[in-house]
Amino acid sequence: MRGGGEPGPHPHGPGAGRRRRAQGPRRHPRAGRGTRPARREAGRAAPRRTAAPRIAPLDGSTVGVGQPLALVFPGQKVDASLRAGIEGALAVTASTPLTGAWHWTESKGDTLVHFRPEHYWPARTRVTLDARLSHVKLADGTAVDRYRRLSFTTGDSMISKVDLAAHTMTVVRDGRTLRTIPVSGGEKRFKTREGIKTILSKDGRVLMDSRTIGVPRDSPDGYYAPYDWSMRETVSGEYLHAAPDHAESFGKENVSHGCIGMSEADAKWLYGLSRVGDVIEATGTTGKPMDHFGNGYGFGNGYGDWNLSWSDWPAGSALGERPAV
């Protein structure tokens, strides 16, 4: 099945066991949201307006190794000539030394800048962002409101490798295969997106409604039913979830509307091991690719950051590769 709805520009998971109804997509923030009149500091000319960026992941959170460090300036265009100065004020440090880069893009009136290493984050690494952006200019008359600092930690390296041709998902933790699960992906009219995705949220039971993808409930392809142990992969509604109604197809054929279905027992087991930011690598058909980040794609359909090669990723930065130590 496929659920609809948008978990927000940078989802962090509402928690296990919470019943969620798949809904139509919400609008992205309108221009001006996230800004307010600036206060003048003594001895310093204040901009006319200040903007408050949204940052993910949350301070103090533990995330999977595929979770990018993301800033969004909602409803705000950031002048390209100012981006080097902004990047220079964004200091990333990591308990495991690594090299990474920022990458800028604009989407639906927002400006986004994401940081990632060449490869997935090392497991069990503490990452800190010092965003020294107080009154840093974004555009004429607009600057960032204040300084921010946050830290997050990566958990185990959890990578689920979905082979849509073999109808299997191999779950690998810290380089060791834990289980190979028979699955069923999207059939030829509703192909599962291929490429690298991340878990956006753990939603527990989700009421999936075919109307969210334009299919009437009463059509032969329609559906309206709850599915347990659901973890969202894309904004458009691809999930990993239990699909007992497709049990006869697991390991044999792809019959869903884009989701990766599996047995109740396997879905429950995977749900218990997983966290937001864990990686799903889908291959095996000539289906549609997962959206990538950049070139007009923002958060778009989820974190598509890892679908850009390392030669392309730093090209979207004003300052290029930078050590995070």
Side-chain angles (χ1 to χ4, degrees), residues 9-10 55-57 63-72 78 80 83-107 110-131 152-163 170 172-175 193-200 233-234 275-284 287-325:
H10 296 285
I55 305 177
V63 297
V65 298
Q67 173 70 44
L69 176 55
L71 280 77
V72 182
V78 176
R83 292 179 180 180
I86 295 169
E87 278 189 44
L90 298 172
V92 179
T93 57
S95 60
T96 303
L98 55 87
T99 297
W102 294 95
H103 191 104
W104 293 83
T105 194
E106 297 175 4
S107 178
D110 300 340
T111 300
L112 305 90
V113 59
H114 287 193
F115 183 93
R116 49 154 276 210
E118 179 177 0
H119 306 292
Y120 303 136
W121 297 100
R124 296 171 291 281
T125 293
R126 181 177 175 84
V127 181
T128 299
L129 169 67
D130 279 298
F152 64 92
T153 303
T154 59
D156 296 339
S157 173
M158 280 284 292
I159 301 172
S160 295
K161 301 181 179 184
V162 178
D163 185 333
T170 301
V172 180
R173 182 172 65 187
D174 292 334
R193 287 170 175 80
E194 292 186 59
I196 302 172
K197 298 173 273 191
T198 66
I199 293 176
L200 303 180
E233 303 176 86
T234 70
R275 66 176 80 247
V276 170
D278 284 349
V279 175
I280 301 100
E281 297 176 349
T283 60
K288 52 191 173 185
M290 174 60 182
D291 305 277
H292 63 77
F293 183 81
N295 295 327
Y297 292 97
F299 178 74
N301 204 18
Y303 287 116
D305 303 49
W306 304 101
N307 294 299
L308 280 180
S309 69
W310 187 243
S311 60
D312 290 331
W313 183 265
S317 167
L319 297 179
E321 298 182 28
R322 301 170 65 183
V325 294

Atom pairs and distances, donor-acceptor, side-chain atoms in residues 94-102, under 3.5 Å, two or more places apart:
{"from": "Ser95", "atom 1": "OG", "to": "Arg126", "atom 2": "N", "distance (Å)": "2.9"}
{"from": "Thr96", "atom 1": "OG1", "to": "Thr125", "atom 2": "OG1", "distance (Å)": "2.9"}

- Task: Say whether, by atom type as modelled, one donor and one acceptor occur between the side chain of Arg322 and the main chain of Glu87 under 3.5 angstrom.
- Result: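 Side chain of Arg322 to backbone of Glu87, a donor-acceptor pair under 3.5 Å: yes, one is there.
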
- Whether Glu233 side chain and Lys197 backbone form a donor-acceptor pair below 3.5 Å: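 It does not hold such a pair.
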
- Can you tell which of Thr154, Ile196, Asp278 makes a side chain to side chain contact (heavy atoms under 4.5 Å, CB included) with Tyr120?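 One option only clears the test, and that one is Ile196.
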
Looking only at heavy atoms, which two atoms of [X] and [Y] are closest? And how far apart?
X	Y	value
Ala324	Phe115	CB-CZ, 4.5 Å
Met290	Asn307	CG-ND2, 3.5 Å
Leu71	Leu90	CD2-CD2, 4.0 Å
Asp174	Ala123	OD1-CB, 3.9 Å
His114	Trp313	O-CZ2, 3.4 Å
Val63	Pro57	CG1-CB, 3.8 Å

Find out whether [X] and [Y] are in side-chain contact, i.e. whether some heavy atom of one side chain is under 4.5 Å from a heavy atom of the other.
X	Y	value
Arg116	Trp310	yes
Val78	Arg83	yes
Asp305	His103	no

How many angstroms lie between atom [atom1] of [X] and atom [atom2] of [Y], to the nearest 0.5 angstrom?
X	Y	atom1	atom2	result
Asp156	Arg275	CG	CZ	7.0 Å
Ile280	Glu194	CD1	CD	14.0 Å
Arg193	Thr234	CZ	OG1	5.5 Å

- Say whether Glu281 and Trp306, considering side chains only, have a donor N or O and an acceptor N or O under 3.5 Å apart.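 No, no side-chain donor-acceptor pair sits under 3.5 Å.
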
- Query: With sequence neighbours left out, what residues match Ser157 under side chain to side chain donor-acceptor pair (under 3.5 Å)?
  - Reply: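 Applying side chain to side chain donor-acceptor pair (under 3.5 Å) to Ser157 gives none.
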
- Query: Can you name the residues that form a side chain to side chain donor-acceptor pair (under 3.5 Å) with Ser309, not counting sequence neighbours?
  - Reply: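 Ser309: side chain to side chain donor-acceptor pair (under 3.5 Å) contacts with Ser311, Asp312.
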
- Query: Which word best sums up how the rings of Trp121 and Phe152 line up, parallel for under 30°, tilted for 30 to 60°, or perpendicular for over 60°?
  - Reply: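 Ring orientation of Trp121 relative to Phe152: perpendicular.
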
